[in-house]
Amino acid sequence: MRTQILKFWLALAVLWHVLFMSLPQASAGIFEKTLGNGLKVIVKEDHRSPVVVQQIWYHAGSMDENIGVTGIAHVLEHMMFKGTKKVPVGQFSKLISAAGGRENAFTSNDYTAYFQQLHKSRLPLAMKLESDRMSNLHLTGAEFSKEIKVVMEERRMRTDDDPQALMNEKLMAVAYQEHPYRSPVIGWMNDLQTLSVEDAKRWYKSWYAPNNATLVVAGDVKASEVFALAQRYYGGIPARSLPTRKSFSEPPQAGIKRIVVKAPAKLPQLVMAYHAPTLRDMGKDWQPYALQILAGILDGNASARLNRALVREQQLASAVNVEYDSTSRGPSLFMLAGIPSEGRNVTELESGLREQIAMLKRDGVSEDELKRVKAQVTASEVYKLDSLFYQAMQIGQMESIGLSFKDIPVILQKLQAVTPQQVQDVAREYLQDDQLTIAVLDPQPLPGKTVQSD
Amino acid sequence: MHTKIFAALWFWVVSISSAFAAPHIQHWQAPSGARVYFVENHDLPMLDLTVTFAAGSSFDTTEKSGLAGLTHSMLDLGAEGLSEDDIARSLADIGAQLGMNFDADRAGVSLRTLSSIAERTQSLDIVARLLQYPLFPEKVLSREKARLIAALKESETKPDSIAEKAFGKSVFGSHPYGFPVSGEIASVEKIQRSDIEDFYRQHYQAKTAVVAIMGDVTRTEAEWIAQKLTDNLPQGGDLAQVAPVTMQIKSVEQRISHPATQSHILMGVPGLARKDPDYFPLYVGNHILGGGGFVSRLMHEIREKRGLAYSVYSYFIPMKLPGAFQIGLQTQKHQADEALQLVRSTLRDFIDKGITEKELQASKQNIIGGFALRIDSNRKIVDYLSVIGFYELPLTYLDDFVANVDRVTSEQIRSAFKRRINPDAMATVIVGAPESLDPDKGKGDGR
C-alpha cells in the first residue's frame, strides 16, 4: 500500500527534531521478550482508550538493496498485500477493514514497517494475518506486473512531478558517493522498469524472517497476554540465516559540490547539505545531540535564528528550513534550505545563510536559546503520550536502526546536558565547505493553455 | 497513510463505537457570549484548546479574495505589548505549541500546552492577547503579503494546485466556496491594513466564537479560560451570511496543459452540508464508493485491478453550506482518458444500481468497529468538540454516531446519491491533459 516513506517523513519533518528528540521518562510501561525464533516483541501498555496498534518492523530498507534493483524494498512492501495461500489477494485489507481497523505500511532507507490500528479485541486477528504473510506470501508475476505500475505512478507523483522532491533526490545522489543513501527509497525509474517478481521473491526470502524483525504492540493490552499471543501466532515461524550486511563508510568529501536542477516552477530554491554524524554510542557520543540542539536553535520556532534573521528582518527569504536526524543506520546530512524572496536570488540567500553560520562559529549561542530548545524537548515528551501510534513508532524505529528503546531516556538526558560550547564546536567542525553539497532549483516557465468544453 | 485517501478521512472527523462511551461533553455560554465545549480529563498533564470563528475564506469578496486568510495569519504576528518574536519566543520558552487552522468556513487558533500552572498561565496569556488585541503591524503585513504572493505564484505552476483552483471555480462558479482559500495574486495585492482591521472587527466577535477545551483542567478553570480568551473580543454588529450554493451545475470539462508526466484529474459537484439530513447515507455510501481506502470500489477498479494510479479517492467535504463532492486521481498522461472513463462508469454504475447488502455490512463494520479509533486521543477529541460547536451539532453527536451509521439502509444510500449526483452534470478538470487529444472528444460520457 502503501505509503512510501519519503512523504511520511516530510510530513513528520517539522515534528522531527522536536518529537524524536523528545523522549519518554524511563521505559515506564514498556516490556520486552524475545521468542525462540529470534522475534523481539515489545509491548507498551497504555490504557487510556480501548484500542491497540500492532507494528512489525523488518530490519531491511532501501540501503540493503544492490545496484540495479533499487526500489525493491518498497515494491515488496506493496506486494505484501497481494495475498498468501490462505488469505487470497485483497482479503487482508478486507478483513482488517471489517474488523474496524486501519492499516498501512511504510518503507525507509533503513527499515520496512507494517501496521494495523484496531479495537483491542481484534489484536488476535491482526496477529494472525501479519504472521501469515511473514512466511507464506504468494508472489505471482500477474500481481507483480500490475503493482509495479502503481509504484511507477507513485514515483511520478511524489518525485518526477514534484520539483522539490526531484531536487532532493538528485542532491542525495551527489552528496553521497558510496553510501546507498544515494539511491532513492522509491527506486530509480529505470530499475522499476526492469524489476521482476523474481527480485521480489529474492528480497522476501532474504529479509522477511522473525529474527530480522521487531514486533511492537501498544495500547490497552496486558504485556503477558500479548507475549502469549505473539508466541501462538509468530512462534512457529522458523528463524533463517540472514545475508551478510555490508558496512559502508562514505569516503571523505574533498571539496564543495554544486548541482543545478531545472524543473517547471516559479521560485528558485536552495539547499545546503553538510555531512554529519549519527548516534552510535549512546553514552559516549555528544556531537549528534549538539547538532540536534543546533537545528532547534536555527529553526525550532518562528523566532528561531534563521526565520527571524532571513525571513523577518532581512526579508531575504520567503521561507527557510533546517533538517537533521541524529538517528539512522547510516550517516546523516545537516541541511539548511530556503526560498529567496521575490527580487532576491539564490546567491544572496546563500550568502545570508553563510553569514548565519559564520556568526554561530564566531559568537556561539546563548543559554537562553539553549533553554528554549530544551523546554520544547521536555514538553514534546509529554505531548507524545497523546499518540499511541508515535510511541510505538519511536520504539520500532530505535530497534530497527540498531539502537534500543531503552536508549530513549538516555537520549533525553544527553540532549538536556548539551552546552553552548558544544553547539559552537559542532558548528565549527561540521558546517564546513569541504563537506558541503549545494543544490539549486532553477525554475523553468510553463507553457500554458486551457481548453474548455461545455 | 498520508495518501489522499487517508487525508480525506479528516473531513469526516466526526464519527464513533458501540463498545464504549463517548466522552462526556460539558457545554455552556461564557459571559462574553462565546459558546464553550469542554471535556475534563486528567490522564495526561496537558491541555488542548481551540478558538474558532466564522471567518473563513467564504467571507471573502472577489475584489479582496485572500483577506480572510491574511487576517487570520496575521493574528500571531504582533499583539498589544508583544512583537511577533515575543509571541513565538514566549510560547517556545514553555514548550507550548500554537496552531493556526483555516478553511472556507472556519478560522481558528489552537493551543497545546503543559497544564502545570506556570506553563498554562503564560501560554493562555499569549493566546488571549493575540486573539483580542492583535496589532496587524503595517511592516509585517507588507512582508506577509509579499510572501503570500510568492507562494501563490509558485502554486500556479503546480499541477495539483492548478487543478484544485480550476475545480473550485467549476463547481461553485462565483460562490465564495469556489475562491482559492488564500486568495489571488491581484486581490491580495490590494489588501490594506484597514481592510484587515475591519474584517477582524466584523468576524472575530465573541458571540460567534466557539471555544473547545480538552484536558487537565477543572470545570471552574475551563470557565475562567473561556472567558479570558473571549471577554474582550469585538462586540455587536450583524453577523455576515454567505449566499446559498447553487446545487445544479452544468457539465463542464476543462483540459489544462502542463509539462508534468501525470495528468491530475478532479471531478465533482456541490455535495452536502454538515447538518444535511442525508449526511449519514452519503457518508456510508461514499465509504463504499471511494472513501474506504483499499476496499473501496474506485480503488479496486483503478488501482488494484489495473494499476492505473497510486491514489484514487472520493469524498464529501461537509461544510456549513454544501461543500464539494470530489473524486480525484493522478495517472500517466497517456492513460488519463482510460482512467477518466473508468471513474465515470464506476460512478454511474454506483448511482444507477446502488450497492449490495454485503458492501453495506462491510462498510458499517469498518465505521462502527473503528469508532474507538476516532476518539482515542485528546487531539482528536478537541477537534470533535470544535466541529460539534461550530456546526451546532447535537451534544450527543458522538453518542449517537454508531446508531446513526447502523440505521443507514442501501435504499437510503441509493436515493441520496441519485438526488445529489447527476453523472451527466459534473465538473471535470484535467491538468496535464494528454496533448494529442482533440478537446471535443473529451465530452464523452459527460453528455
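All chains are named by letter (A, B, ...) in the order of the sequence lines, taking the proteins before the strands, and each is independently numbered beginning at 1.
- Using a 4.5 Å cut-off between heavy atoms, A:Ser97 touches chain B through backbone and side chain atoms alike.
- Going from atom CG of A:Leu123 over to atom CD of A:Gln54 covers 6.0 Å, rounded to the nearest 0.5 Å.
- Of the atoms belonging to A:Leu118, it is backbone heavy atoms, and not side-chain ones, that fall under 4.5 Å from chain B.
- Using a 4.5 Å cut-off between heavy atoms, A:Pro163 touches chain B through its side chain atoms alone.
- At a 4.5 Å heavy-atom cutoff, the contact between A:Asn301 and chain B is made by side-chain atoms alone.
- Interface check for chain A: of the options B:Met46, B:Gln332, B:Gln361, the most heavy-atom pairs under 4.5 Å are formed by B:Gln332.
- Residue A:Val89 does not touch chain B at all, counting heavy-atom pairs closer than 4.5 Å.
- Both the backbone and the side chain of A:Val382 come within less than 4.5 Å of a heavy atom in chain B.
- Using a cut-off of 4.0 Å between Lys/Arg side-chain N and Asp/Glu carboxylate O, B:Lys139 and B:Glu144 are scored as not salt-bridged.
- Salt-bridge annotation for B:Glu359 and B:Arg297: present, with a side-chain N of the basic residue lying under 4.0 Å from a carboxylate O of the acidic one.
- Between A:Phe81 and B:Phe294, the ring-plane angle classifies as parallel under the 30° and 60° cut-offs.
- For A:Arg122, no part sits under 4.5 Å from any heavy atom of chain B, backbone or side chain.
- Of the two parts of A:Lys374, neither the backbone nor the side chain holds a non-hydrogen atom closer than 4.5 Å to a non-hydrogen atom of chain B.
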(Q) Is there a side-chain hydrogen bond (donor to acceptor under 3.5 Å, both in side chains) between B:Ser161 and B:Ser155? Walk through the geometry before answering. (A) CA-CA 6 Å; B:Ser161 313; B:Ser155 75; 4.8 Å; no
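- The residue among B:Lys305, B:Arg143, B:Lys153 with the most heavy atom pairs within less than 4.5 Å of chain A is B:Arg143.
- The parts of A:Lys94 that come within reach of chain B are both its backbone and its side chain, each placing non-hydrogen atoms under 4.5 angstrom from that chain.
- For a residue to count as touching a neighbouring chain, one of its non-hydrogen atoms must lie under 4.5 Å from one of that chain's; by this rule B:Ile94 touches chain A with the backbone only.
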